[in-house]
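A short write-up of the structure that comes next.
All values derive from a computational prediction rather than experimental measurement. Any value given below was found using the heavy atoms of this structure, including those in side chains, with hydrogens, waters and symmetry copies removed.
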Amino acid sequence: MASLLGRLCLPHVPGVGWARCAPGGPCLSQARLCSAGAFVQSVPPQEEADSKVSAQKKTFSELQVERSEQAQRTVLINCPANINEKAFLKYLSHHGKINDHYFYESLGTYAVVEFSEKESIASLQDVTRTPYVEKECTIPFKSRIFTLSLKNPVTQGADRPSVHYHKQSTILCKDLLQKLCRADNVSNQLYTLMDECQLTEENTKLRFLACSLIQDIARAYFPDSTVQPFGSSVNSFGKLGCDLDMLLDLGEIGRSPIRTNTGPFYVEYQMKKVPLERTATQRILSVIGDCIDNFGPGAMGVQKILNARCPLVKFSHQPTGFQCDLTVSNRAAIRCSELLYIYGSLDSRVRALVFSIRCWARVHGITSSIPGSWITNFSLTMMALFFLQKRTPPIIPTLDQLKALADAEDKHIINGNDCTFASNLKKIKPTENTETLHVLLNDFFEYFGNFAFNKNSINIRKGKEQNKPDSSPLYIHNPFEQGLNISKNVNQIQVERFVALARECSWILQKKDKSQSSLCNKKPWGLAALLQPSIAKSSLKNKKQLALASERMQSLLDSLKINSAKRE
């Protein structure tokens, strides 16, 4: 029982196993109420994070396959709010052994149930009836999303203990600030924030299930196709509530296999031909988008954005609560997800720093969910990784160093771009850097508060500043397509806002810590102080004062020049 409680209570780093420890300051000891209802002592946040990094046995690809296979044995059931959990599991166990289950809320009560065998799903489908709706007609698509109702709601639903719901969204900002202020030091504040915001085990499984449900639809046309998550859902930097990026991979049928020399004939499929690969992608997404819209239970607001640089289908999946983006054959995006996964798995400080910087940027409007001239989360992550590569000694290796550790099976050339790097974490030597997160956070703000954005670019492949190839206000090299700037959308005003806020926050971290804030004083300190909206106003005020001082200085210099000219 104790081991089960430990499994349920520990926060989850998707797919990352037990690990070596990373350095840091004193640890916060705290207790947590588990889903099983028992009150147990949890390990300190830094030690929790350290315990989940680096000694990972599975590669990213192996983990993806395992998660996808689990999802194919899983069903999603809309349940009555007063469901009897014991009776519910007993009923479903008639169809086969249940490996795992959990409940969550998304416009109702839902249960995710993972069977041991795929045949159990077919058994459940055999006894499932098609719903009758008066004055409407249902589309007979047999998905793995079911609705469970009570035959006698009055007697069966009376006085039932409520089930435990696993959280699907992040903690409220005011509650988060209170938790941060109770930490022992700034380093543990960063670990606490990551613990509260990161994807849980249950939410990660739900994301793979959502992809698997869309895969069922796609396979009606492309039997060998797969749909898998990429981006924040799998790269270890995703937070609760983030969008779900899906990749439709058409499998070997979409590639050109090597012809064999056996026998006197070649056999080829007859296929529709189109002039460009982009045209094929657009047509495929158009059809799959229509299928999701017309046949997919719970898929709402389907938008086919086919003329974008990377064509996609956007939709809301109401049963899971995810906002989804579906693209086709974007293998470079999967490779980039794996690269970030590796960086996040090397040292617990990497993820904690990135989570905190992203949260800080979101609070102050540096990033936005609305497309525009803002800095993106991906760009911020690249900046944080670049900063960690430049520490002495470095905390993480450069992409070129990871490439040097790669073997034959790691070699990937995608659209002519070299996407090769070592995928086995055991090949990567642990860092000897012992800096605390407090130091790293302060130095991150100080470093970029004084970075020469006007002439230098950021490149995690090299791990050093380089002259900008063009005049973009912010130039961050795409890790694989080095000629692309991933921050090309960012304008000068946003860069100046970022710099001003970074300088302000560096000053705050240097001036304030918990020792300067008495226990009776409830003013936020450390990371909590940086998440106050007032900082942005203060930064803007300081910027205006600097601008006025600069104008006065320029006027004085002009006056001196005029007087000097008159004397001559």
Side-chain angles (χ1 to χ4, degrees), residues 24-26 173 176-178 180-194 349 352-367 374-375 379-381 383-384 386-388 390-392 395 435-454 456 458 465 473-474 490 492-519 521-553:
C173 188
L176 174 62
L177 292 178
Q178 291 176 2
L180 295 181
C181 289
R182 290 197 294 268
D184 291 341
N185 52 55
V186 174
S187 294
N188 275 346
Q189 284 185 328
L190 271 72
Y191 285 118
T192 298
L193 184 145
M194 180 178 69
R349 292 170 293 176
L353 182 66
V354 170
F355 268 90
S356 299
I357 291 169
R358 283 185 171 189
C359 183
W360 165 82
R362 187 170 62 254
V363 166
H364 297 297
I366 296 294
T367 58
W374 295 275
I375 299 174
S379 293
L380 279 175
T381 303
M383 293 169 74
F386 181 77
F387 165 77
L388 293 173
K390 292 186 63 60
R391 304 308 291 172
T392 306
I395 293 177
E435 293 174 300
T436 66
L437 273 172
H438 186 174
V439 170
L440 293 175
L441 183 64
N442 174 73
D443 287 3
F444 172 87
F445 289 129
E446 185 174 343
Y447 177 75
F448 283 110
N450 296 283
F451 189 84
F453 288 106
N454 61 323
N456 289 336
I458 294 166
E465 298 97 339
L474 176 62
V490 181
Q492 186 64 37
I493 294 174
Q494 297 303 321
V495 173
E496 290 175 359
R497 284 192 69 246
F498 172 81
V499 168
L501 278 166
R503 291 177 178 176
E504 183 77 10
C505 290
S506 176
W507 182 84
I508 290 173
L509 282 175
Q510 292 176 35
K511 295 295 182 181
K512 294 182 180 180
D513 58 32
K514 193 173 183 180
S515 63
Q516 295 172 302
S517 177
S518 64
L519 294 176
N521 185 355
K522 295 184 178 180
K523 285 187 176 181
W525 59 277
L527 177 61
L530 303 189
L531 301 182
Q532 298 296 301
S534 57
I535 292 178
K537 297 177 182 177
S538 174
S539 176
L540 184 61
K541 181 181 178 181
N542 291 341
K543 184 179 175 183
K544 288 181 177 178
Q545 289 174 345
L546 287 171
L548 289 171
S550 178
E551 288 178 8
R552 286 195 295 268
M553 182 63 71

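Going from atom CG of N185 over to atom CH2 of W525 covers 6.5 Å, rounded to the nearest 0.5 Å. Taking CG of L176 as the start and SG of C181 as the end, the distance is 9.5 Å to the nearest 0.5 Å. Atom SG of C505 is separated from atom CG of N442 by 10.0 Å, given to the nearest 0.5 angstrom. Atom CD1 of I395 and atom NZ of K390 lie 13.0 Å apart (nearest 0.5 Å). Taking OG of S187 as the start and CG of L440 as the end, the distance is 8.0 Å to the nearest 0.5 Å. Taken from CG in L177 to CG in L193, the straight-line distance is 9.5 Å, to the nearest 0.5 Å.
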- Query: Would S379 and V490 satisfy side-chain contact (heavy atoms from CB on, under 4.5 Å), going step by step from the backbone distance to the final call?
  - Reply: CA-CA 10 Å; S379 293; V490 181; 5.6 Å; no

- Message: Run the side-chain contact (heavy atoms from CB on, under 4.5 Å) test on L527 and T192 for me, step by step, so that the C-alpha distance in whole Å, both residues' side-chain angles and the decisive distance to 0.1 Å come before the verdict.
- Response: CA-CA 10 Å; L527 177 61; T192 298; over 6 Å; no

- Task: For side-chain contact (heavy atoms from CB on, under 4.5 Å), just list the numbers for L530 and F445, CA-CA rounded to whole Å, side-chain angles, deciding distance to a tenth of an Å, and then say yes or no.
- Result: CA-CA 11 Å; L530 303 189; F445 289 129; 3.6 Å; yes

- Task: Take F444 and W360 through the ring-ring contact (aromatic ring centres under 6.0 Å, His included) test and state the conclusion after the steps.
- Result: CA-CA 12 Å; F444 172 87; W360 165 82; 7.4 Å; no

- Please walk me through it: do L437 and L353 pass side-chain contact (heavy atoms from CB on, under 4.5 Å)? CA-CA 7 Å; L437 273 172; L353 182 66; 4.1 Å; yes

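Side-chain contact of R358 with T381: a donor-acceptor pair under 3.5 Å is present, judged by distance alone.
You'll find the side chain of R503 reaches within 4.5 Å of the side chain of N450, heavy atoms only. Residues I357 and M383 fail the side-chain proximity criterion, which asks for heavy atoms closer than 4.5 Å. Contact check for F448 versus I458: side-chain heavy atoms found under the 4.5 Å cut-off. The closest side-chain heavy-atom distance from P524 to L180 is not below 4.5 Å.
For the pair Q494 (side chain) and W374 (backbone), a donor-acceptor distance under 3.5 Å is absent. For H438 (side chain) and L190 (main-chain N/O), no donor-acceptor pair under 3.5 Å exists by modelled atom type. E465 contributes no side-chain N or O that, together with a main-chain N or O of F451, makes up a donor-acceptor pair within less than 3.5 Å.
Nearest approach of V186 to G526, heavy atoms of both residues: CG2-CA, 3.9 Å. Taking each heavy atom of F498 and L380 in turn, the nearest pair found is CE1-CD2, 4.1 Å. Nearest approach of Q189 to A528, heavy atoms of both residues: OE1-N, 4.0 Å.
Ion pair E435/R349 not flagged as a salt bridge, since none of the NZ, NE, NH1 or NH2 atoms sits closer than 4.0 Å to an Asp/Glu carboxylate oxygen.
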